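Inspection log for the structure reproduced underneath, given as structure tokens.
We name chains A, B, ... by the order of the sequence lines, and we start the count at 1 in each one. Predicted model only: the values in this text are computed from it and were never measured. Every heavy atom of this structure was used, including side-chain atoms; hydrogens, water molecules and symmetry mates were not.
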Amino acid sequence: MKKELPKTYDPASFEDRIYSEWSEKGLFAPSDDMTKGHYSIVIPPPNITGQLHMGHALDNTLQDILIRHKRMKGVSTLWLPGTDHASIATEAKIVEAMKKEGLTKDDVGRDGFLERAWDWREKYGGRIIQQLKKMGSSCDWQRERFTLDEGCSEAVLEVFTRLYEKGLIYRGERIINWCPHCLTSISDAEVEYEEQPGHFWHLRYPFEDGSGYVELATTRPETLLGDTAVAVNPNDERYKDLVGKTLILPLVGRKIPVVADDYVDIEFGTGVVKITPAHDPNDFEVGRRHDLPLVNVMTPDAKITDDYPAYAGMDRYEARKAIVRDLEAGGFLVSVEDHVHNVGTCYRCGTTVEPRASLQWFVKMAPLAAPAIEAVRSGDIKFVPERFSKNYFHWMENIRDWCISRQLWWGHRIPAYYCDKCGKTVVSKTAPDCCPDCGEPMRQDPDTLDTWFSSALWPFSTMGWPKDTEDLKRFFPTNTLVTGYDIITFWVSRMIFSSLEYTGRIPFDTVLIHGLVRDAQGRKMSKSLGNGIDPLEIIDKYGADALRFALATGNSPGNDMRFSDEKIEAARNFANKLWNAARFVMMNLDIDRIELPDESKLAPEDKWILTKLSAAAAAAENNLENYEIGIALSAIYDFIWDEYCDWYIELSKKSVSGEDKERSKDAQNVLAYVLRETLKLLHPFMPFITEEIYSGLPGEVGYIMVKDYPVAENIPSFPAEAEDMERVIAAIGAIRQRRAEMGVKPSRRTSLFIATKYPHAFEGTEEFFKRLAGASSLEIVDDHSESGSVRIVTDSATVFIPMTDLVDPEEEKARLRSELEKVNAEIARVESKLANKGFTEKAPAAVVDAERVKLAKFTEKKDGIAAALAALGE
RNA sequence: GUGGGUGUAGCUCAGUUGGUUAGAGCGCUUGCUUGACAUGCAAGAGGUCGUUGGUUCAAAUCCAUUCAUCCACACCA
């Protein structure tokens, strides 16, 4: 049964069809056979607002390779998919959409807003899932989860109430990062700092008693309205007498004290700092130590409050101008100097964050961080590459309490209930009917939780926790977490401490970190630059397999990579190469099923390719186990292109199209067998093309996706015969090289005489030399030096070609002399190495032997060259 | 300020625990309608592995120094 492949590789014609088939046959679900163990990965849940970008494409390609490899090894394999509700990002989208209708959140109310949000999720939340499927991702979609679904929400409630009871979640008035655009608090991790030019305004604050001024500097004069003290260092001799005195706050007239605090750096500026506890994190701490009042001067959208009528309603920057103007008018402004400083911005919208004292919920981090640090230090959890554990330690060791409340509606609502009458707080999974103390109705906290609070539970909430489910028993802890280095702090660290605290177990044993996909110039892909490459467009143009290949090849853990047209074209060319090789093989197959012939029926070239295949399988396996995905893939690539296509297919043509029908069938079987096993090796990386070709192989049933991954030891290997074949290949290469150098026309045939210590290697190879080395005949001889032949010397043979008439003898001599020089240099190098006692005594025997073999080969080559020179009368 | 990455062919990058004559893709040169593939085939040019020093029989690989470049975290008014 011959199946012919279409002439050109056209991925669009089969990728979607194959994906549907896998899906319909239920191949994505884990097998129930646990005898070979289990392996699981939870997907980093993409935001429902998201569109597939190159980062997702890379992340999911790597995961799918790992998953498909394990699945083919017979391991019960689960890749659990899902999406993240992305509180801020989604809420911002909804608000934006409503704005176009002229509506605000308050217009539609909380319920109306949530209705819109769920509609939006219904409409767009599945979009990225469809895109992941286009990539070939073999997730078990039956188990798809959503951070805001019932189960995940149950896990969030469970965690929140447990932590509260343990005292690890508390509510308090603290200074937090506030985004005046998103109108919510954000965590420290969600602030990005960027350098901005600004100014130092040097001001003077008068003493109450009229005894003069104290001079200080600020970058944010508008916060002056909220100053409740001025601080100096207690050890600062200059200001010893000032401590305890009272100042009059300019423009406001408030009396504020001078306090002494270690926080103040004597060396910096004037050594005097204005203290605004409600609007600066450091000042907040100073304020707590000195019991200073918190004076909040701004509204949530960063405008001055009505408490300061002169500035009320101005935004921060307008107020800054007005205040500087008034300070100058009042004689309080001493000088202004330029100053570049780092400004915190919201990671979602880029707005400058406003530190703001407010009542929020926090997770107490110190007790949670300690075991999480230990889990990595002890090696229970391993980062690949290892260096990222340093980033992790650094973050975890300096961690501050995590602000988890958000002034948003889209998310998990905080399960805290307040009694307005008696002030009682109840934290409970279900709403209490009334206040347990006074019987009044209770009011639920309006805020929701940081979106990362639910993502932190993802490895176990998705498997049914807190219930003790079958999936948890089988697949938790998970094995590998694949993600970019940019979200170690946001997500990886939080999953680790969450899992240890709630389940008592690590969430995964290995964290595989990859870098960023950059554009061809090495720039970060971003919306504002407009340099993003759309993976879906790439898939349309080149196919998902080519995209996957381009992302996986040459990618090493933790390093950024560039994506370019050249790379994707090279990937597509490889797919095309494989396609055509398969097409050739299938055109020539006349067998009903693939059966590897007995050893006795294998030709030398068959043994050679099988040996190479075995080596490629070993390389693929070892590197995949070590997460060296790029290296594994390049081993397979090299095998397919350089060994199977460039050599074996060419060598096999002799037998396949030969007269001997038996031999032809044997060769066909080897061709097909090697192709089949190669497809299996490649399948995790390029699932579609391998499945498509596989389906056309004679006698094969089922899907390659669930066949056994090739094991090197199970592939027959013949090192000695393979070496003989290498001698033939080397001779063919040397002849080609010489013919090219001498400008011999490809059509010109020559007779060949080969003198060799390995005659058996060259027996029966005439046809190879005819097909691949322009030979008209081949004769194995003892010597051929008497004639005026051109000699081509390899380390195991000398080839004589009687075509002196095509060569200028002087040129030939010169060429031989330079070759002789080269080989002499090599001999000298190796000899000196071997003469070195330190080397022969200390280096491993195998290494020394290898050098001796090398020396013998070089010497043989040298003798051959010398003989050639002699024959030319030298 | 603290920590980390990177520096290998014209370009983009591999090089796994030190051990063949340092590799690939693209680009370049030359030649090919070699009945799978021009998205191809064959041959070739091109590298003192950033600098300097050290460890070692042996260094692109380990250590130190220095230069360049990128990133993360922190941040002083």
Side-chain angles (χ1 to χ4, degrees), chain A residues 5 7-9 193 200 216-220 223 230-231 263-265 267-276 280 282-283 341-342 385 387-388 390-391 393-395 398 485-486 488-489 515-516 520 522 542 553-556 558-562 564-567 569-588 619 622-623 626 628 630-631 634 637-638 642 645-646 649-650 653 657 733 736-741 743-747 771-772 774 822-823 825-826 829-830 833 836-844 846-848 850-851 853-854 857-858:
Chain A
L5 291 174
K7 220 170 179 168
T8 49
Y9 165 64
Y193 289 87
F200 263 137
L216 50 81
T218 180
T219 54
R220 302 197 54 201
T223 63
V230 160
Y263 155 70
V264 181
D265 182 350
E267 309 291 321
F268 192 87
T270 59
V272 184
V273 187
K274 68 192 225 20
I275 301 298
T276 320
D280 182 280
N282 293 306
D283 292 6
H341 59 147
N342 266 345
R387 65 181 137 90
F388 286 100
K390 281 187 189 155
N391 288 18
F393 290 137
H394 188 253
W395 165 259
N398 296 293
Y485 56 68
D486 48 336
I488 294 176
T489 51
L516 265 37
Y542 298 97
T553 191
N555 191 322
S556 60
N559 287 356
D560 290 354
M561 65 179 306
R562 299 187 191 200
S564 60
D565 287 348
E566 288 76 32
K567 218 167 235 171
E569 278 169 18
R572 186 268 322 268
N573 292 354
F574 173 61
N576 184 64
K577 182 75 182 176
L578 175 65
W579 183 264
N580 277 291
R583 195 157 74 87
F584 169 80
V585 170
M586 288 186 193
M587 271 168 39
N588 286 287
N622 294 338
N623 285 299
N626 292 323
E628 290 285 3
I631 299 176
S634 86
Y637 172 96
D638 289 345
D642 300 342
C645 292
D646 284 351
I649 285 184
E650 295 306 323
K653 283 175 179 171
S657 58
R736 282 174 173 175
Q737 184 184 340
R738 180 65 71 81
R739 288 176 58 112
E741 269 170 24
V744 178
K745 283 198 172 142
S747 55
R771 286 170 177 273
L772 304 174
K822 264 190 219 160
V823 80
E826 288 302 332
R829 202 181 54 79
V830 176
K833 216 170 182 181
N836 183 342
K837 274 195 183 166
F839 174 70
T840 50
E841 282 165 17
K842 290 188 192 171
V847 174
V848 178
E851 289 297 318
V853 169
K854 222 191 287 175
K857 284 187 175 180
F858 285 139

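- Nucleic acid contact class of A:Asp560 (heavy atoms, under 4.0 Å, all strands): none.
- Residue A:Asn559 places at least one side-chain N or O closer than 4.0 Å to OP1 or OP2 of B:A14.
- Taking side-chain N and O atoms only, A:Lys653 has no distance below 4.0 Å to OP1 or OP2 of B:U34.
- Remark: ring of A:Phe268 overlaps the six-membered base ring of B:C76 in a stacked fashion, centroids less than 5.5 Å apart, planes less than 30° apart.
- At the heavy-atom level, A:Leu772 lies nowhere under 4.0 Å from the strands shown.
- Listed candidates were B:G15, B:A43, B:A77. Nearest to the side chain of A:Arg736 is B:A43.
- A:Ser564 comes within 4.0 angstrom of nothing in the nucleic acid, heavy atoms only.
- Counting any heavy atom pair closer than 4.0 Å across all strands shown, A:Tyr9 reaches no nucleic acid atom.
- B:C76 and B:A59: their P atoms are spaced 49 Å apart (whole Å).
- Rounded to an integer number of Å, the gap from A:Asp280 CG to B:C75 C1' is 11 Å.
- Between B:U30 and B:A36, the distance separating the two C1' atoms is 25 Å to the nearest Å.
- Base pairing analysis places B:A58 opposite nothing; no Watson-Crick or G-U wobble pair with both distances below 3.5 Å involves it.
- B:A68 is paired with B:U6 under the criterion used here, namely a Watson-Crick or G-U wobble arrangement in which both key atom distances are under 3.5 Å.
- Note on A:Gln737: every side-chain N or O is 4.0 Å or more away from OP1 and OP2 of B:A42.
- Contacts of A:Asp265 with the nucleic acid, taken as non-hydrogen atoms under 4.0 Å apart, include base atoms.
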Test side chain to side chain donor-acceptor pair (under 3.5 Å) applied to A:Asn555 and A:Asn559, step by step: CA-CA 7 Å; A:Asn555 191 322; A:Asn559 287 356; over 6 Å; no

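- Applying the 4.0 Å criterion to OP1 and OP2 of B:A77, one finds that A:Arg220 has every side-chain N and O outside that range.
- The side chain of A:Ile649 approaches B:A36 more closely than any other nucleotide in the set B:A77, B:G19, B:A36.
- The nucleotide B:G47 finds no pairing partner, because no Watson-Crick or G-U wobble arrangement with both distances shorter than 3.5 Å includes it.
- Here the P atom of nucleotide B:G19 and the CD atom of A:Glu851 are 12 Å apart, to the nearest Å.
- Across the strands present, B:G23 finds its partner in B:C13; the criterion is a Watson-Crick or G-U wobble pair with both atom distances under 3.5 angstrom.
- In this structure, A:Ser634 reaches neither bases nor backbone, as no heavy-atom distance under 4.0 Å exists between it and the strands shown.
- If you check B:G4, B:A42, B:C37 against the side chain of A:Lys390, the one that comes closest is B:G4.
- In terms of phosphate contacts, A:Asn622 brings no side-chain nitrogen or oxygen within less than 4.0 Å of OP1 or OP2 of B:U16.
- Of all nucleotides listed (B:G19, B:C41, B:A43), B:A43 comes nearest to the side chain of A:Ala740.
- Side-chain atoms of A:Lys842 lie closest to B:U56 of the nucleotides B:U56, B:A77, B:U12.
- Listed nucleotides: B:G19, B:C57, B:C37. Nearest to the side chain of A:Asn580: B:C37.
- Shown here, B:G35 forms no base pair; nothing in the strands shown gives a Watson-Crick or G-U wobble contact with both key distances under 3.5 Å.
- Counting non-hydrogen atoms under 4.0 angstrom, A:Ser556 reaches the backbone sugars and phosphates but no base.
- Comparing B:C57, B:A77, B:C41 against the side chain of A:Phe839 picks out B:C57 as the nearest.
- For A:Asn573 and B:G25, the shortest distance from a side-chain N or O to OP1 or OP2 is not below 4.0 Å.
- Distance from the side chain of A:Lys854 is smallest for B:U21 among the nucleotides B:C41, B:C13, B:U21.
- Using a 4.0 Å heavy-atom distance criterion, A:Phe858 is classed as a base contact.
- Comparing B:C13 with B:C70, their P atoms sit 14 Å apart, to the nearest whole Å.
- Geometrically, A:Lys653 engages A:Phe584 in a cation-pi contact, judged by NZ or CZ lying under 6.0 Å from the ring centre and within 45° of the ring axis.
- If you check every strand for non-hydrogen atoms under 4.0 Å, A:Arg572 touches a base.
- Residue side chain A:Asn342 reaches the base of B:C75 through a donor-acceptor N/O pair under 3.5 Å, judged by distance alone.
- One C1' atom belongs to B:C75, the other to B:C63, and the distance between them is 33 Å to the nearest Å.
- For A:Arg829 and B:U21, the shortest distance from a side-chain N or O to OP1 or OP2 is below 4.0 Å.
- The side chain of A:Arg583 sits closest to B:A36 out of B:A43, B:A36, B:G19.
- Side-chain atoms of A:Ala570 lie closest to B:G25 of the nucleotides B:U16, B:G44, B:G25.
- Heavy atoms of A:Ala843 sit under 4.0 angstrom from at least one base atom.
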